[in-house]
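Only this structure's heavy atoms are used, side chains among them; waters, hydrogens and symmetry mates stay out.
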Amino acid sequence: MSHAHPGPLRRLALRAYRVLPAGPSHVVTRAVLPSWGFGAVALIEYDGRVLALRQTHRIGLSLPGGHIDRGEHPSEAVVREVWEETGLRITPGDAFATVFDPRTRIADVIYRVRCDREPKVRVASEAVGYEWVDPENWPQGEADESTERILQGALQARTTPQPGVLVADD
């Protein structure tokens, strides 16, 4: 058994996690990851759309990615997670954006992966299906809180960053 081929107990736990509302699911996450939780997510783009997955532990569509393992770099985690969930091998390049949710103490590093041809996706692990979605017109009701936060951060990162300014030099 592995992350790529979860056993019956892990599949059952993921299905149970899926139906938990945001509050209790964050309590479960905090119990396993007691401080901040860090994730790595891939925004895999083809023809103006992004790869969206249906996963056993989420309601609606989400992006490929997951928790960063202890001692793992975010770029290593996103390569591993994309491979486990989609069968795609990627090079992540530089981090594209980082989003934080101080309420739930979760941070996600987003990597932007551009494809010049449509990749052959083979869903596995927690993923049970996929589709290509316009990130600016995500289907109504098809994104959980985490996916909405990540999409918002990715869309904001597409604009030109504004530098900060000195407001005082006391």
Side-chain angles (χ1 to χ4, degrees), residues 3 14-15 17-23 25-26 29 33 36-68 73-165:
H3 288 291
L14 288 168
R15 285 191 177 96
Y17 183 83
R18 173 185 181 173
V19 298
L20 287 175
S25 71
H26 295 306
T29 301
L33 306 168
W36 274 77
F38 291 92
V41 179
L43 196 67
I44 300 175
E45 302 175 342
Y46 169 71
D47 196 28
R49 298 170 296 156
V50 297
L51 179 62
L53 301 176
R54 294 214 179 265
Q55 299 183 332
T56 56
H57 64 292
R58 294 189 179 272
I59 296 172
L61 297 166
S62 59
L63 299 166
H67 291 289
I68 299 170
H73 190 276
S75 63
E76 297 167 336
V78 78
V79 167
R80 175 182 52 76
E81 288 284 350
V82 167
W83 169 249
E84 288 175 358
E85 296 172 355
T86 68
L88 300 175
R89 294 216 184 265
I90 64 165
T91 57
D94 295 329
F96 176 62
T98 305
V99 293
F100 297 90
D101 184 346
R103 181 181 55 82
T104 59
R105 297 180 302 164
I106 295 175
D108 289 293
V109 180
I110 305 169
Y111 291 88
R112 190 175 186 186
V113 178
R114 293 184 177 155
C115 304
D116 58 0
R117 60 183 166 73
E118 184 171 355
K120 294 177 182 160
V121 178
R122 289 177 281 118
V123 294
S125 188
E126 302 103 354
V128 294
Y130 76 95
E131 55 190 86
W132 293 94
V133 178
D134 178 347
E136 295 185 33
N137 295 302
W138 201 266
Q140 185 71 25
E142 287 285 341
D144 62 16
E145 186 179 324
S146 296
T147 301
E148 285 180 4
R149 181 183 71 250
I150 292 164
L151 284 170
Q152 182 180 20
L155 293 173
Q156 287 174 346
R158 289 181 168 180
T159 64
T160 304
Q162 297 299 308
V165 295

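Every residue two or more places apart in sequence or in another chain that forms a side chain to side chain contact (heavy atoms under 4.5 Å, CB included) with E118 is listed here: Y46, W132. Scanning for side chain to side chain donor-acceptor pair (under 3.5 Å) contacts around E142 gives R54, with sequence neighbours left out. Here S62 pairs with Q55 under the side chain to side chain donor-acceptor pair (under 3.5 Å) rule; sequence neighbours left out. Residues satisfying the side chain to side chain donor-acceptor pair (under 3.5 Å) criterion with R158, sequence neighbours excluded, are E45. For F100, there are no ring pair (Phe, Tyr, Trp, His ring centres under 6.0 Å) partners at least two apart in sequence or on another chain. Under the side chain to side chain contact (heavy atoms under 4.5 Å, CB included) criterion, Q152 pairs with Q156, not counting sequence neighbours. For D116, there are no side chain to side chain donor-acceptor pair (under 3.5 Å) partners at least two apart in sequence or on another chain.
Rounding to the nearest 0.5 Å places CD1 of I59 at 11.0 Å from OG1 of T147. Going from atom CG of D108 over to atom OG of S146 covers 7.0 Å, rounded to the nearest 0.5 Å. Taken from CG in L151 to CG in L43, the straight-line distance is 7.5 Å, to the nearest 0.5 Å. Atom CG of L53 sits about 7.5 Å away from atom CG of L63, to the nearest 0.5 Å. The line from CD1 of I106 to CD of E145 is 8.5 Å long, rounded to the nearest 0.5 Å.
Pairing each heavy atom of A52 with each of L61, the nearest pair is CB-CB, 4.0 Å. The shortest non-hydrogen separation linking E85 to P64 is OE1-CA, 3.3 Å.
A salt bridge links E84 with R80: at least one charged nitrogen is closer than 4.0 Å to a carboxylate oxygen.
With a 4.5 Å cut-off on side-chain heavy atoms, S75 and Y111 count as touching.
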Can you give the donor-acceptor pairs under 3.5 Å from side chains of residues 87-98 to other protein atoms, not counting sequence neighbours?
none

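Not a single donor-acceptor pair under 3.5 Å links the side chain of E81 to the backbone N or O of V41.
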Quiz item: Would I110 and V99 satisfy side chain to side chain contact (heavy atoms under 4.5 Å, CB included), going step by step from the backbone distance to the final call?
Solution: CA-CA 8 Å; I110 305 169; V99 293; 4.2 Å; yes
